[in-house]
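The shown structure was predicted, so the numbers you read here are calculated from the model rather than taken from an experiment.
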Amino acid sequence: MSDDIAQALAYIESATLHPIEVGFYSRAAVLSEEKDRGKYLGEPGQDGAATVGGTLVSVLANLTGQNRTDVANSLEFASRVAAKEVGDNDHTSAYWDAFKKSIFQIGWFRQADQWSTDFINGQTTGAENFSDYVIDNVRGDPLYSSAEKEIVIRALQSLRSQAEKRAFFRRFTAGGSKGSFGVNSATVTNGALAMRFSAFTFNCNAVVDDYLIFSIKNITADVGKNNVDAAANQRTIDSVRQKLEDKLDKAAGDYIDSVDI
């Protein structure tokens with residue numbers, strides 16, 4: 001066994017995850033029946049999307065069923081590790097830094113990672129809400145291919161129109177005057193599984209009830225954005241898959257929900 005695989009296995013074993021109340025969000029049915037988080041991301045040959053904690057992940061049609069499972073498991077594990085680690089700082093850069101630290105210890109490696117800042121004045125920004133702001137940001141971001149931009153934007157527009165699924169996402173993304181969420185695209189490039197994501201943090205001058213649809217006309221906010229390009233070390237992913245699934249406990253699915261796109 002190589003050192004990197006041994007280290008990943010030891011890390012997963014020792015990690016402490018944010019606890020889940022099974023059935024609290026009533027999202028455990030798929031895992032109870034299918035025993036596979038990847039099912040939330042749809043079937044191979046079709047684009048798919050799901051929310052995993054505070055991340056909206058979109059997958060292109062070229063992902064296999066196993067790819068989808070690996071993406072979903074990795075995101076839930078890192079989300080729960082980060083939530084446990086940062087506690088009340090879950091809508092700040094500290095959460096996303098902890099999230100990345102975890103992802104990069106379970107079979108993914110960093111290709112690019114950069115934070116930037118912005119300031120929003122709702123009177124002048126032109127965006128009706130924070131999801132409009134994120135959509136405009138993704139549309140002009142060279143991090144994503146044209147196909148990735150299209151599916152990320154389509155998934156975000158779809159999520160905000162689905163009240164029940166938006167309410168599920170809100171539990172992980174809205175914290176009064178502070179909120180955050182990430183958008184993520186997963187694809188296979190030259191035979192290799194890859195993820196690109198942008199995490200946004202919003203520190204507002206007033207309480208925002210829902211960071212997808214709440215009007216920001218009278219809101220000002222300091223914004224942080226973290227762009228990350230990650231690729232899978234498939235040998236490590238394959239070697240830690242069972243350990244990761246055992247750690248997550250597949251009977252509990254209250255961190256993930258499908259999004260119709």
With D132 via side-chain contact (heavy atoms from CB on, under 4.5 Å) - residues at least two apart = A127, E128, N129, R160

message = Hydrogens and angles aside, do N227 and D113 bring a side-chain donor and acceptor to less than 3.5 Å of each other?
response = no

inquiry  = Could you tell me if S161 and Q157 have a donor-acceptor pair between their side chains, going purely by distance under 3.5 Å?
reply    = no

request  = Verify the cluster assignment for Y40 and F181: are they in a single hydrophobic cluster under the rule of side-chain heavy atoms below 4.5 Å apart?
outcome  = no

inquiry  = For F130 together with F202, are the ring centres under 6.0 Å from each other?
reply    = yes

inquiry  = Is it the case that the ring center of Y255 lies less than 6.0 angstrom away from the ring center of F172?
reply    = yes

inquiry  = Hydrogens and angles aside, do T55 and N184 bring a side-chain donor and acceptor to less than 3.5 Å of each other?
reply    = no

ask   = Do T51 and D257 have a side chain donor and acceptor closer than 3.5 Å?
value = no

query = Does the side chain of Q114 come under 3.5 Å of the side chain of N226 through a donor N or O and an acceptor N or O?
reply = no

ask   = For residues T220 and N121, is any side-chain donor paired with an opposing acceptor at under 3.5 Å?
value = no

query = Are the aromatic rings of F197 and F99 close, with centres under 6.0 Å apart?
reply = yes

remark   = Contacts of Y144 meeting ring-ring contact (aromatic ring centres under 6.0 Å, His included) (sequence neighbours excluded), chain-then-number -> none

message = Is a donor from one side chain sitting under 3.5 angstrom from an acceptor on the other, for Q123 and N218?
response = yes

task = Scan side-chain atoms only and decide if Q7 and D3 contain a donor-acceptor pair under the 3.5 Å cut-off.
result = no

